[in-house]
Amino acid sequence: MCSGRVDPVLILEAFMCGSDGVFIGACLPGECHYADGNFSTMGKVALTQKVLANQGVNPDRLVMRMMSSAEGAKFVEHVTAFQDRIKELGKLGSTEGLQPSELELKLKAAKVALKGKKLRWVVGKYMEFQQQGNLYGEKFTQHEFNRLFDEVAMDECTIQEILLRTQDEPLSVKNLAELMGLSPRRVLRHLVDMRKMGLVVLESDDKKTVTWRAAVSSAEAIESEKTK
């Protein structure tokens with residue numbers, strides 16, 4: 001199977017099913033039987049690593065290595081190095097300091113974010129923007145893509161995590177900031193934007209404490225996005 005068939009969502013599902021690491025083998029540059037499947041995968045892996053890092057998961061748990069079908073020794077070398085690194089990291093969540101329930105929530109948020117239109121659009125432009133450039137003919141460097149991936153991954157994962165955390169009970173900005181390890185200002189900025197999009201609603205109790213509740217589920221937000 002061409003490495004280009006590997007979808008970021010499948011990678012997240014592997015982690016959610018208990019895998020401690022994911023190794024992707026691909027053809028050498030210029031040797032893909034489907035023209036550019038391996039190059040496309042580079043973008044998918046880079047973005048997924050950014051998403052994992054944003055969710056507190058060590059990105060070393062996902063690697064992509066290129067080799068030809070005749071390089072059996074190199075394959076063994078790459079797999080052995082990867083296996084040693086995963087042994088060093090230990091069980092998924094242990095090195096990261098994430099409890100099973102927290103790890104499950106963060107991976108679920110990451111998976112839903114990767115299913116969304118925005119992240120799929122960004123990774124879909126990975127090859128085009130590097131080889132052909134944007135509408136103005138400006139080509140993106142890998143450094144520029146890394147910055148873009150960082151920004152978009154951070155925003156989309158934060159939105160999905162807020163939706164998941166506020167589905168069952170309303171939470172204040174302070175509560176969310178503490179749970180997610182973010183500054184209250186950043187959380188509030190996202191909540192204000194999400195309210196405009198109809199994703200969350202404001203609530204208050206008898207003590208006039210302002211809280212926020214998800215107006216839609218995380219999955220519903222993605223389905224709504226697809227129909228726009």
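What you are looking at is a predicted structure, and each value in this text was computed from that prediction instead of being measured.
Both Met64 and Val22 belong to a common hydrophobic cluster when Ile, Leu, Val, Met, Phe, Trp and Tyr are linked at side-chain heavy-atom distances under 4.5 angstrom. Note on Val173: it clusters hydrophobically with Val200, by side-chain heavy-atom contacts below 4.5 Å among ILVMFWY residues. One hydrophobic cluster holds both Phe15 and Val45 under the rule that ILVMFWY side chains link at heavy-atom gaps under 4.5 Å. Under the 4.5 Å side-chain heavy-atom criterion for grouping Ile, Leu, Val, Met, Phe, Trp and Tyr, Leu10 is not connected to Leu114 through any hydrophobic cluster. At a threshold of 4.5 Å between side-chain heavy atoms, the hydrophobic network of Ile, Leu, Val, Met, Phe, Trp and Tyr places Leu188 and Val201 in two separate groups.
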| request: Starting from the C-alpha separation in whole Å, work towards a yes-or-no answer on side-chain contact (heavy atoms from CB on, under 4.5 Å) for Leu163 and Val112. | output: CA-CA 11 Å; Leu163 287 175; Val112 178; over 6 Å; no

| task | Would you sort out whether Asp193 and Leu199 count as a side-chain contact (heavy atoms from CB on, under 4.5 Å), showing the intermediate values? | result | CA-CA 9 Å; Asp193 289 340; Leu199 300 179; over 6 Å; no

| said: Checking Asp7 against Lys115 for the salt bridge (charged side-chain N to carboxylate O under 4.0 Å, His left out) test, could you report, in this order, the C-alpha distance in whole Å, the side-chain angles of both residues, the deciding distance, and whether it holds? | reply: CA-CA 9 Å; Asp7 190 286; Lys115 288 175 68 176; over 6 Å; no

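With Thr166 contributing its side chain and Leu171 its backbone, the two residues share no donor-acceptor pair below 3.5 Å. Put simply, the side chain of Glu96 gets close to the backbone of Gly93: a donor and an acceptor are under 3.5 Å apart. Side-chain atoms of Glu102 do not come within 3.5 Å of backbone N or O of Gln99 as any donor-acceptor pair. Not one N or O on the side chain of Glu161 forms a donor-acceptor pair closer than 3.5 Å with the backbone of Lys106. Checking side-chain atoms of Thr48 against main-chain N and O of Pro8 turns up no donor-acceptor pair under 3.5 Å.
Phe149 and Ala46 make their closest contact through CE1-CB, 3.8 Å (heavy atoms, listed as atom of the first residue, atom of the second, distance). Closest approach of Pro170 and Thr211 over heavy atoms only: CB-OG1, 3.4 Å. Considering every non-hydrogen atom in both Val9 and Lys111, the closest pair reads CG1-CE, 3.8 Å. Across every non-hydrogen atom of Lys74 and Met66, the tightest pair is CD-O, 4.2 Å.
His78 is listed as a side-chain neighbour of Phe23, based on a closest heavy-atom distance under 4.5 Å. For the pair Ile24/Ile11, a side-chain contact is recorded, criterion being any heavy-atom separation below 4.5 Å from C-beta on. Under the 4.5 Å side-chain criterion, counting only non-hydrogen atoms from C-beta, Arg61 is in contact with Thr95. The shortest side-chain heavy-atom distance between Leu202 and Trp212 falls under the 4.5 Å cut-off. Taking 4.5 Å as the limit, some side-chain heavy atom of Arg186 sits within range of a side-chain heavy atom of Thr158.
Environment of CZ in Arg147: sparse, with no more than 12 heavy atoms of neighbouring residues, nucleotides or ligands closer than 6.0 Å. At most 12 non-hydrogen atoms from other residues, nucleotides or ligands lie less than 6.0 angstrom from CZ of Arg195. In Glu104, the CD atom is not crowded: 12 or fewer heavy atoms of neighbouring residues, nucleotides or ligands sit closer than 6.0 Å. Counting heavy-atom neighbours within 6.0 Å of Asp84 CG, excluding the residue itself, gives a total above 12.
Salt bridge status for Glu156 with Lys117: absent, with no side-chain N to carboxylate O gap under 4.0 Å.
For Phe75, the ring-ring contact (aromatic ring centres under 6.0 Å, His included) test picks out no residue, with sequence neighbours left out.
Exactly one of Asn58, Ile86, Leu107 qualifies for a side-chain contact (heavy atoms from CB on, under 4.5 Å) with Leu92. That residue is Leu107.
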